[in-house]
Amino acid sequence: MTDLVTLAELGGPLAAIGGAAYARHAHPAAYWSTVGLPLSVARLVASYSSTMDACGLTVEPSRWRALAVRAATRREIRPVPPRRGVIRPNSTGLRVRLRLAPGQEPADVAASAERLRHAWGVHAVYVRDVKPGVVELRLVGYDVLRKVRMPRRVDGGLLRVPVALREDATAFVRDYRAVPHELVLGATLSGKSMYLRHLVAGLAAQPVALVGIDCKRGVELAPFAPRLSALATDPDEAAELLPVLVKEMEDRYDLIKARQGITPGTPDEEITSDVWGLPESERPVPIVLFVDEVAELFLVATRKDEERRDEMVTQLIRLAQLGRAAGIYLEVCGQRFGAELGKGATMLRAQLTGRVCHRVNDEASAKMALGDIAPEAVDAACSIAPELPGLAVVGDTSGGWSRIRTPYLSLADAAATCRESAHLAPDVPALTPFRPYVPPVPVKASGTATVPRPVTE
Ligand SMILES: Nc1ncnc2c1ncn2[C@@H]1O[C@H](COP(=O)(O)OP(=O)(O)OP(=O)(O)O)[C@@H](O)[C@H]1O
Ligand SMILES: [Mg+2]
């Protein structure tokens, strides 16, 4: 009997521990909200001063404070940690602001991020500079990139697409006006086309002309044909499309120039050097050019093709150099993008400010995307596991980088979004000859169709 009682007494807690361990692995978001969050808050509150002390983030108290403590309590005078703000929990972690003591800098706190994460039992700790003297600690409760769920509220807007989740649980927004051109690199099956799919689906609802060059005979971009203003599915078609885009760009510059006509009386707001300064009624629609498998444009089989290749590369470089002010943006995808592709490759790459590097097969490929950004970003890209397609390291030429992952979006769903927004495809007359053919959708027989009746009655 006593054995049974002991078993029952032990069984309950053991089942609870087992259940919690299972929930932590299988349903990390639910585990965080119910168990992880209260535990981490309790640890943070209880051990804040001692943890900060152990991390070397405390400072000697001011003379006035020391005098006050001595006069009031006669206690020994201890070093003080940075002043802590209110703890703000959310569904993926929690945030807390710290006021740095004089002599401290955000890098001091960032250097201790790994120690803080262990002390408070969370998946990761990130430090963000909020304003001089104040940093925000962003504690992430679990690996948010394993099963991506985008935050519900994200600042969208024209030419801004929330395309992936960062490892600190914030949305990574592809902002074409801030970073006009981008290079998306990765080995085969690493998730490049998924990234493009999100961009196309995100831009489909906006007044933006989408143009595709997909030298895999269109298998990646053709499903979005209803919403595309132009599509080239082999290098020959691309060779016809690119000069038209360059001409469109030049026409837009002429339009801006005609509008400028700066005379002494011209109001300041009418002086512009890009399409965004033009009045809305005259402003041409932005164009986003997607190039999937860019290497196909560079590879040539015969000497005759070489001339065509050089022309295409020059046109792409010109679009990358001058496109932004004319509202033309590039999104270039490839498996490798190095000097071995031939003349113009590195020059084009240098124009692509945004860098996204998915899983790669060798360090050299990661260096092509991130080498001129940060050596640590190259290491991070080389350690991406094949089991996590869509995981990438994103950097920009300012030296910052972070891990991101796209949520899963099926080709059928993305294609359906494009079909539904087909009527939003802007009219760009120059691109009309390149508009892809879209087969008409068969009309389903309706249930109320009249039943034929025999005429002899
Ligand atoms: N974020 C993601 N979550 C889940 N699965 C993904 C994700 N991204 C990609 N995948 C899956 O990984 C596979 C490869 O993705 P994708 O076609 O985008 O790769 P790719 O880099 O374009 O490959 P390729 O170079 O062969 O065209 C697809 O089956 C896709 O469904
Ligand atoms: Mg692909």
Side-chain angles (χ1 to χ4, degrees), residues 28-29 92 142-151 154 161-167 169-174 182-203 210 212-225 228 231-235 238 289-299 330-338 341 352 354-362 364-366 368-370 380-394 402-418:
T92 53
Y142 56 96
D143 184 1
V144 289
L145 299 186
R146 200 148 58 90
K147 198 172 169 195
V148 177
R149 264 200 287 162
M150 292 296 281
V154 183
V161 183
V163 62
L165 190 70
R166 287 183 197 270
E167 58 189 334
T170 56
F172 168 65
V173 179
R174 173 77 180 95
E182 185 172 70
L183 172 64
V184 182
L185 223 71
T188 180
L189 285 185
S190 61
K192 303 179 297 293
S193 301
M194 180 69 81
Y195 185 88
L196 280 199
R197 200 178 288 175
H198 276 281
L199 289 177
V200 173
L203 289 170
L210 306 179
I213 295 180
D214 177 4
C215 291
K216 277 166 110 181
R217 302 250 159 223
V219 292
E220 304 279 12
L221 295 179
F224 314 133
L228 295 184
L231 177 65
T233 55
D234 58 39
L289 169 63
F290 297 96
V291 185
D292 204 347
E293 300 301 355
V294 67
E296 288 294 315
L297 298 182
F298 282 82
L299 301 176
L330 301 189
E331 194 73 42
V332 177
C333 261
Q335 304 197 13
R336 283 171 71 83
F337 201 155
L341 282 183
L352 307 173
R355 302 294 173 87
V356 178
C357 182
H358 290 81
R359 178 180 53 78
V360 283
N361 292 330
D362 58 350
S365 303
M368 288 170 195
L370 303 166
C382 290
S383 59
I384 294 175
E387 304 83 75
L388 292 176
L391 192 69
V393 173
V394 58
S402 59
R403 273 189 207 86
I404 59 164
R405 191 175 184 203
T406 44
Y408 181 78
L409 173 67
S410 73
L411 186 58
D413 286 347
T417 308
C418 289

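Quick caveat, the model's predicted, so the values are computed rather than measured. Each ligand, and each atom within it, is numbered from 1 in the order the structure gives. Only this structure's heavy atoms are used, side chains among them; waters, hydrogens and symmetry mates stay out.
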Tell me, which protein residue and heavy-atom name are nearest [atom], and how many Å apart are they?
atom	value
atom 12 (O) of ligand 1	Pro389 CB, 3.4 Å
atom 18 (O) of ligand 1	Met194 N, 2.9 Å
atom 13 (C) of ligand 1	Leu189 CD2, 4.0 Å
atom 1 (N) of ligand 1	Thr406 O, 2.6 Å
atom 19 (O) of ligand 1	Gly191 N, 3.1 Å

Using a 4.0 Å cut-off to any heavy atom of [X], which atoms of ligand 1 qualify?
X	result
Tyr408	4 (C), 5 (N), 31 (O)
Gln335	25 (O)
Gly390	1 (N), 8 (N)
Glu293	25 (O), 27 (O)
Glu220	27 (O)
Ser190	19 (O), 20 (P), 21 (O)

For ligand 1, which part of Arg405 has a heavy atom less than 4.0 Å away: the side chain, the backbone, both, or neither?
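Contact part for Arg405 vs ligand 1: side chain (C-beta onward).
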
Ligand 1 contact on Ala187 by region, counting heavy-atom pairs under 4.0 Å
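It is the backbone that gets close, since no side chain atom is under 4.0 Å.
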
Separation between [atom1] of [X] and [atom2] of [Y], rounded to the nearest 0.5 Å:
X	Y	atom1	atom2	value
Asp143	Thr92	CG	OG1	12.0 Å
Thr188	Glu293	OG1	CD	7.5 Å
Leu165	Arg405	CG	CZ	10.5 Å
Cys418	Leu228	SG	CG	6.5 Å
Met368	Asp362	CE	CG	7.0 Å
Leu341	Glu296	CG	CD	10.5 Å

Ligand 1 contact by Lys216, heavy-atom criterion under 4.0 angstrom:
yes

What I'd like to find out is whether the side chain of [X] reaches to under 4.5 Å of the side chain of [Y], using heavy atoms alone.
X	Y	value
Glu331	Val184	yes
Pro28	Lys147	no
Tyr195	Ile404	yes
Ile213	Leu289	yes

Nearest heavy-atom neighbours spanning Pro223 and Val219
CD-O, 3.6 Å

Taking 4.0 angstrom as the limit, do Lys192 and Glu220 come out as a salt bridge?
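Looking at Lys192 and Glu220, the cut-off is not met.
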
Checking the N or O distance criterion of under 3.5 Å, is ligand 1 in contact with Thr188?
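N/O-N/O distance under 3.5 Å: yes.
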
Hey, does Ser193 come in under 3.5 Å of ligand 1, counting only N/O atoms on both sides?
yes

Report for the Mg ion (ligand 2), protein N, O or S closer than 2.8 Å, by chain and number, lists Ser193 OG, Glu220 OE2

Qualifying residues under salt bridge (Lys or Arg N to Asp or Glu O under 4.0 Å), relative to Arg403, sequence neighbours excluded:
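Arg403 satisfies salt bridge (Lys or Arg N to Asp or Glu O under 4.0 Å) with Glu167 only.
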
Using the salt bridge (Lys or Arg N to Asp or Glu O under 4.0 Å) criterion, which residues pair with Arg359? Sequence neighbours excluded.
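Residues passing salt bridge (Lys or Arg N to Asp or Glu O under 4.0 Å) with Arg359: none at all.
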
Determine if the distance from atom 9 (C) of ligand 1 to the closest protein heavy atom is below 4.0 Å.
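Yes, there is one.
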
Candidate with minimal heavy-atom separation from atom 25 (O) of ligand 1, of His358, Lys192, Arg197, Arg359:
Lys192

Ignoring hydrogens and angles, write down the donor-acceptor pairs under 3.5 Å from the side chains of residues 408-415, residues two or more places apart or on other chains.
residue, atom, partner, partner atom, Å
Ser410, OG, Asp413, N, 3.1
Ser410, OG, Asp413, OD2, 3.3

